[in-house]
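Chain identifiers are assigned alphabetically (A, B, ...) following the order of the sequence lines, protein sequences preceding nucleic acid strands; residue numbering begins at 1 within each chain. These values consider heavy atoms only, across backbone and side chains, with no hydrogens, waters or symmetry-generated copies.
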Amino acid sequence: MNELWTLLRREIQAETRQKHVVWGMVLYTLSTIFVCYLSFKQLEDRAIWNGLLWIIILFAAFNAVGRSFDREAGGYNLYLYTLAHPTAVILSKILFNVMLLALLTLLALVMYVLFLGTDVLTGADMLQFIVGLLLGAFGLSAALTLISGIAVKSGNNMGMMALLGFPIILPTMLILMSYSANALAGMPWGENARNLLLMFIIDGAVVTLSYILFPYLWRD
Amino acid sequence: MARNWWKFLGLALVLYASITTLLTPLDPGILTTDRSQLEPGVQEFTVLAFNTHFESEKDNLLIFLKSEEITLCGEVVEVSDDVHARVRFDIPERMPLVLADLYVNNPSDGTLYLPNAVSLNNMNAEASLPESCAQRPTSEEVEAFGFPFLPTIFETIKNLIFHVPMWFTMFFLMGISFVQSLLFLNKSAMKNDIRAEQSVMVGLVFCILGLTTGSVWARFTWGAWWVNDPQLNGAMATFLIYAAYLVLRRSVNEESKRARVAAVYNIFAFVMLVVLLMILPKFTESLHPGKGGTPAFSSYDLDSALRTVFYPAVLGWILIGYWIYTMRLRLTNLTRKVLYNE
């Protein structure tokens with residue numbers, strides 16, 4: 001447990017020391033949103049608004065989480081390998097990615113609303129919607145962290161990441177879209193109970209699998 | 001020979017199922033009528049049926065309209081061939097507007113019916129029941145070996161025998177791959193890795209066959225090659241996941257590392273696949289039988305004739321799939337022997 005916090009603190013330190021990387025991600029998200037704005041202008045259709053937002057978040061997630069294992073060069077990994085337990089390594093990476101993506105997602109929402117209009121948000125349950133965004137950030141980064149660990153073992157990291165990640169992330173995306181469509185329509189929480197439950201089950205399965213499988217990836 | 005019996009069994013079952021499927025006729029049924037509205041007075045229309053024996057049962061043909069309130073007996077005017085019959089009804093003046101089901105009965109085909117075939121168009125008034133028809137005897141149900149006649153599906157029901165076993169076989173092979181990947185992570189034996197890869201390769205072929213047979217079927221019954229349906233999306237995701245698995249394998253050069261990375265991905269992917277294919281469709285609307293409220297084949301559509309062909313087909317295809325897998329395995333092992341002198 002102690003190990004986990006130390007590793008997490010180190011991840012955050014490494015990120016704050018390289019501020020340009022974080023700003024790069026923010027800029028990437030902003031550019032994506034601006035391109036969407038140029039091609040769609042104001043969006044009035046709720047389904048398209050919702051779908052587009054999730055696609056933007058998905059790309060941001062691939063960009064942010066995809067680099068969780070190439071941040072350090074081989075020498076550092078060897079050092080970490082001798083010191084830390086692999087389960088602590090993967091859990092710290094997942095936790096860090098969740099925090100990073102949660103921030104990025106909220107930022108993306110603000111920029112998205114700014115450019116593509118608030119027409120859709122009238123009558124929406126905003127608290128429910130934002131809880132959905134955070135849950136989504138959790139689900140996406142948890143699933144993609146292990147995939148990123150797999151992809152980095154092949155030569156072509158980012159390409160492999162997309163290839164392996166997209167089909168794996170499908171169930172999460174389907175549930176998230178239906179959840180946030182309900183939240184945008186202003187449905188009561190009860191309507192989304194099933195989506196929430198499914199989301200928790202999938203997230204739980206993903207974290208457990210990462211916890212069990214990562215040690216096999218780690219020992220090289 | 002003695003230890004290869006299951007290969008012959010598989011071949012025999014698949015041959016039996018395919019031939020029987022193609023030879024078995026569909027049960028008779030009524031397709032349509034040439035009029036859907038009847039006015040009061042003497043009315044005539046033609047009934048178009050499918051696989052019936054009107055010609056030979058000309059004298060025993062009984063056609064009547066039935067709704068909750070009334071039964072109207074028709075007079076068969078003309079039978080031009082086995083599937084066309086012209087029938088005349090005397091619709092009473094005073095009768096409520098109702099939708100009536102059309103019944104056709106004869107000794108060869110049993111009782112057939114077309115729900116909501118015609119509406120009897122007339123205004124208010126009490127129903128007056130003609131007594132003539134209800135008292136005439138109808139012939140017994142006919143027990144013939146045939147596939148059920150279902151609206152919009154018709155002859156394509158035979159595709160069930162080809163389409164569904166593909167998915168069973170694929171699941172069986174992907175299951176083998178999953179277990180072999182688990183074994184590999186446990187023992188790090190190279191043979192488990194080879195088995196995992198080969199079963200995915202054969203499974204993927206069955207996945208493609210399942211997608212194509214399904215696509216052809218969807219074009220006929222739902223009107224498009226691809227429709228939005230959780231089952232179809234799941235099938236596509238399955239294809240993508242395992243194709244990605246094969247690409248991943250080919251992009252890692254070092255053998256033991258490749259085996260480990262691929263096994264981790266395989267296990268992760270299989271669990272997500274189970275969520276996508278088994279859990280999610282239960283909660284979503286689906287066109288497929290047995291999902292999201294639509295009844296499963298087993299409940300009533302899969303009748304006894306279909307059953308006697310369907311289960312052998314599933315078992316036969318699984319055996320054949322496994323046979324292809326063992327052949328690929330032998331080939332790979334021989335190649336490795338020649339190349340690396342293992």
With only heavy atoms counted, which part of B:Val275 is less than 4.5 Å from chain A, the side chain, the backbone, both or neither?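 Contact with chain A: side chain only.
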
Proximity breakdown for B:Ser256 and chain A, heavy-atom pairs closer than 4.5 Å: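 Nothing of B:Ser256, per the 4.5 Å heavy-atom cut-off to chain A.
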
Return the option, out of A:Leu146, A:Ile212, A:Ile175, with the maximum number of heavy-atom pairs under 4.5 Å with chain B. A:Leu146

Quick one: which of A:Ile150, A:Ile169, A:Leu164, A:Leu213 has the most heavy-atom pairs under 4.5 Å with chain B, could you say? A:Leu164

Region of [X] in contact with chain B, defined by heavy-atom distances below 4.5 Å:
X	result
A:Leu209	side chain
A:Ile201	neither
A:Leu174	side chain

Minimum heavy-atom separation for A:Pro167 and B:Ala237, please, with both atom names.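 Heavy atoms only, the tightest pair is CB-O, 4.0 Å.
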
Can you tell which of B:Val247, B:Leu248, B:Leu276 has the highest number of heavy-atom pairs within less than 4.5 Å of chain A? B:Leu248

Against chain A, work out which of B:Val271, B:Ile241, B:Asn233 has the most heavy-atom pairs shorter than 4.5 Å and name it.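 Option with the greatest count: B:Ile241.
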
Would you please indicate if the ring centroids of [X] and [Y] are separated by under 6.0 Å?
X	Y	value
B:Tyr322	B:Tyr325	yes
B:Trp317	B:Phe162	no
A:Phe166	A:Phe62	yes

Evaluate the side-chain proximity of A:Leu116 to A:Ile33: yes if any heavy-atom separation is below 4.5 Å, no if none is. yes

Apply the test salt bridge (Lys or Arg N to Asp or Glu O under 4.0 Å) to residues B:Arg336 and B:Glu255: give CA-CA distance (whole Å), side-chain angles for both, the deciding distance (0.1 Å), then the verdict. CA-CA 13 Å; B:Arg336 289 174 65 93; B:Glu255 197 172 48; 2.9 Å; yes

Without swapping roles, check the side chain of B:Gln198 against the backbone of B:Thr332 for a donor-acceptor pair under 3.5 Å.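 No, because the side chain of B:Gln198 does not come within donor-acceptor range (under 3.5 Å) of the backbone of B:Thr332.
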
